[in-house]
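One structure, as structure tokens, below. Some questions next.
Residue numbers count from 1 along this sequence. All values reported here derive from a predicted model rather than from experimental measurement.
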Amino acid sequence: MDNKTIARTLRLLSQLMELHNENPFKIKSLASTAYTVDKLPFSLAKKSLVELEQVSAIGKSTAAKIWELIQTKTIKDLEDLYQKTPPGVIEIMGIKGLGPKKVLTIWKDLKIEDIGELLYACNENRLLEAKGFGSKTQEEIKKAIEFKMASNGRYLYAQVEEYAEYLLERFKEQLDIEQISFIGDYRRRCEIVDGLDILIGSELTAELQSSVMTISTLEITSVKQQSLEAESTSGIKVYINFCTSEDFPLQLAFQTGTETHTGELKSRLKSISKKPGTEEEVYSMAGVSYIEPELREGRNEFALADAGKLPKLVNLEDLKGSLHNHSTWSDGVNTLEQMALFCRDELKLEYLGISDHSKSAFYAKGLYEERVLAQHEEISQLNQKLGGFKIFKGIESDILFDGSLDYSSEILATFDFVVASIHSVFKMNEEKATNRLITAIENPYTTILGHPSGRLLLSRSGYPVDFKKVIDACAANGVVIEINANPLRLDMDWRWHQYALEKGVMLSINPDAHSNKGFHDTHYGLLAARKGGVSASNCLNAFSLEEISTYFQNRKH
């Protein structure tokens with residue numbers, strides 16, 4: 001064991017002691033010793049306990065801990081503190097710029113226990129409400145977490161999209177070739193990707209390779225017969241495949257779908273008598289309608305195509321309004337009026353559903369009953385001056401431990417719609433977690449079930465839930481299920497969309513926007529909905545203002 005490992009362990013022990021408000025003198029002594037150990041010119045691992053005690057700046061007590069660490073690879077005091085600290089909080093302590101005091105605020109005041117929740121809180125601007133945090137600190141924390149996630153070699157789709165589209169444009173400019181397209185996971189709009197795959201309709205030549213090398217953000221790491229491997233300056237892996245121009249449509253189809261999808265496609269094509277001119281022609285020659293890239297997951301897409309039941313996938317133009325959004329009344333950045341005008345004038349929408357946090361979300365300035373009534377008064381006044389655009393009175397009501405919502409029936413009845421969501425007590429077994437959701441679904445005031453699994457991609461799996469039972473309960477009670485468009489959530493998972501649609505359950509693409517900028521996350525929810533086979537006809541916020549007004553009224557009655 002080298003000195004750096006010993007120093008790092010002592011430093012962690014001192015930080016955990018500070019986190020748990022232990023003796024300040026001991027904390028300071030341990031931190032000082034950790035600094036000293038890191039600079040020593042000789043190895044402590046070769047010293048006896050007596051020799052350790054004689055090293056300057058290492059006292060008897062700390063020498064005993066170092067000896068214990070060298071002999072057993074751990075320290076009992078450290079293990080005891082591990083038991084008292086959620087693993088995610090320990091991971092948060094590793095983020096640059098976060099000392100024990102700030103971590104304690106994040107853990108105890110904001111009730112955040114893992115990195116994914118912390119990143120989500122940064123996106124919601126929740127850290128700005130906490131003591132000792134400002135916008136600059138919040139932004140630095142957000143960047144540090146995103147860097148940490150990326151260093152694992154996996155990326156949220158949203159993290160790579162901007163660079164991917166920039167890269168495609170650069171390829172088209174540099175190579176002057178029309179037949180260039182993404183393939184693989186990125187083209188299928190998977191929520192998590194390991195890199196970017198690109199197909200180019202030209203054989204790889206020395207001249208083409210030289211042109212690729214001129215793209216400043218890309219460094220070639222490997223050259224093969226008809227492919228290049230490269231890496232962006234931010235570490236994103238890029239795999240570039242080449243084929244002849246006449247083979248491009250066929251290879252585009254073969255290299256976009258999963259192995260299962262491509263195997264089925266190839267078996268249907270059998271022997272090809274002529275080269276297809278387009279990707280659409282490839283599917284036509286296979287005897288099926290064109291299957292959109294998002295659907296090529298090897299699930300039931302060919303069965304749907306055979307039955308003539310491939311869905312017409314929902315588009316951005318289909319969406320007429322935005323539901324589940326937060327204003328300055330709770331933890332949002334923009335006022336109600338600013339959000340309404342942005343939706344009306346910039347996004348050209350017909351309505352806005354505001355659903356600020358309920359009273360249990362005290363960390364997010366959740367609305368107590370008197371503030372609910374005050375907000376409703378403001379909404380009524382705004383609706384009189386917005387010229388045909390409407391703000392619907394909603395709430396994101398917390399689902400409590402027993403599945404009840406955190407307002408009385410009298411208050412719940414005042415809303416146009418209610419989004420019921422879980423924000424606390426995630427540790428339950430499957431039966432309890434499922435029953436908790438079903439109880440909330442059976443509440444007559446629940447309109448939409450919000451982010452039902454509670455997952456945060458790349459950082460927190462959702463709580464264990466029997467989704468068939470949850471979806472069946474929504475079908476029985478006429479409850480809509482949210483597709484939360486925040487790219488960290490994308491919850492409900494697209495793999496359950498088809499089952500929900502088969503049961504007649506409506507879905508709603510909700511940005512969960514905490515600022516005007518947040519409305520643009522609708523784009524990621526839309527991609528997830530398309531992967532799940534959602535059409536405008538079964539998407540709640542594709543309803544016109546008149547249609548959704550009637551829907552809410554009928555639901556309340």
Before we go on, tell me: are the rings of Tyr186 and Tyr157 under 6.0 Å apart, centre to centre? yes
Cation-pi check, Lys427 to Tyr463: give yes when NZ or CZ is under 6.0 Å from the six-membered ring centre and within 45° of the ring axis, no otherwise. no
Relative to Phe254, does Lys266 satisfy both conditions: NZ or CZ under 6.0 angstrom from the six-membered ring centre, and within 45 degrees of the ring's axis? yes
Between Lys359 and Glu369, does the salt bridge (charged side-chain N to carboxylate O under 4.0 Å, His left out) criterion hold? Intermediate values first, please. CA-CA 8 Å; Lys359 62 182 181 181; Glu369 287 80 354; 2.8 Å; yes
Would you indicate whether the side-chain heavy atoms of His514 and Asn123 approach each other to under 4.5 Å? no
Taking atom CD as the centre, does Glu431 end up with more than 12 heavy-atom neighbours from other residues, nucleotides or ligands that are less than 6.0 angstrom away? no
Derivation of the ring-ring contact (aromatic ring centres under 6.0 Å, His included) call for Phe302 and His261: CA-CA 8 Å; Phe302 280 102; His261 177 94; 4.8 Å; yes
With distance as the sole test, does Arg296 use its side chain to make a donor-acceptor pair with the main-chain N or O of Ile291 at under 3.5 Å? yes
Is there a donor-acceptor contact under 3.5 Å from the side chain of Ser284 to the main chain of Glu280? no
Is the NZ or CZ atom of Arg555 positioned over Phe417's six-membered ring, under 6.0 angstrom from the centre and within 45° of the axis? no
Min side-chain heavy-atom separation His520-Leu347 under 4.5 Å: yes
Under 3.5 Å: donor-acceptor pair, side chain of Asp493, backbone of Trp496: no
When rounded to the nearest 0.5 Å, the distance separating CD1 of Ile183 from CG of Asn241 is 4.5 Å
Answer yes or no: is there a donor N or O on one side and an acceptor on the other, between the side chain of Glu482 and the main chain of Leu449, under 3.5 Å? no
Are any side-chain N or O atoms of Asn477 and backbone N or O atoms of Val479, one a donor and one an acceptor, separated by less than 3.5 Å? no
Examine distances only and state if a side-chain atom of Asp466 and a backbone atom of Thr434 form a donor-acceptor pair shorter than 3.5 Å. no
Within the structure provided, determine whether Glu346 and Phe519 are in side-chain contact (heavy-atom separation under 4.5 Å). no
Between the side chain of Lys348 and the main-chain N/O of Asp345, is any donor-acceptor distance below 3.5 Å? yes
Side-chain (Ser453) to main-chain (Arg455) donor-acceptor, under 3.5 angstrom: yes
Hey, is the main chain of His326 close enough, under 3.5 Å, to the side chain of Ser330 for a donor-acceptor pair? no
If you measure only the distance, is there a donor-acceptor pair under 3.5 Å linking the side chains of Glu279 and Tyr290? yes
Candidate list Phe415, Trp329, Phe392, test ring pair (Phe, Tyr, Trp, His ring centres under 6.0 Å), partner His376, passing option: Phe415
Minimal heavy-atom distance between Trp107 and Pro86, with the atoms involved, is CZ2-CD, 3.3 Å
Between Lys469 and Asp472, does any side-chain N to carboxylate O distance fall below 4.0 Å? no
Mutual orientation of the aromatic rings belonging to His324 and His451 [parallel < 30°, tilted 30-60°, perpendicular > 60°]: tilted
May I ask you to test the Leu405-Asp398 pair for a side-chain heavy-atom distance under 4.5 Å? no
A side-chain contact here means heavy atoms from C-beta on lying under 4.5 Å apart; do Asp194 and Lys237 qualify? no
Verdict with reasoning, Glu294 to Arg530, per salt bridge (charged side-chain N to carboxylate O under 4.0 Å, His left out): CA-CA 7 Å; Glu294 295 96 320; Arg530 287 174 62 86; 2.7 Å; yes
Do Val534 and Asn538 touch side chain to side chain, with heavy atoms closer than 4.5 Å? yes
What verdict does the side-chain hydrogen bond (donor to acceptor under 3.5 Å, both in side chains) test give for Tyr120 and Arg126, after you've listed the backbone C-alpha separation in whole Å, the side-chain angles of each residue and the deciding distance to 0.1 Å? CA-CA 9 Å; Tyr120 191 73; Arg126 274 173 50 200; over 6 Å; no
Steps toward salt bridge (charged side-chain N to carboxylate O under 4.0 Å, His left out) verdict (Glu337, Arg344): CA-CA 10 Å; Glu337 184 169 14; Arg344 186 191 72 178; over 6 Å; no
Going by atom types only, do Asn510 and Asn484 share a side-chain donor-acceptor pair under 3.5 Å? no
Tell me whether Asp512 contacts the main-chain N or O of Asn486 through its side chain, where contact means a donor paired with an acceptor under 3.5 Å. no
Rounded distance [0.5 Å steps], CG in Leu316 versus CG in Leu527: 10.0 Å
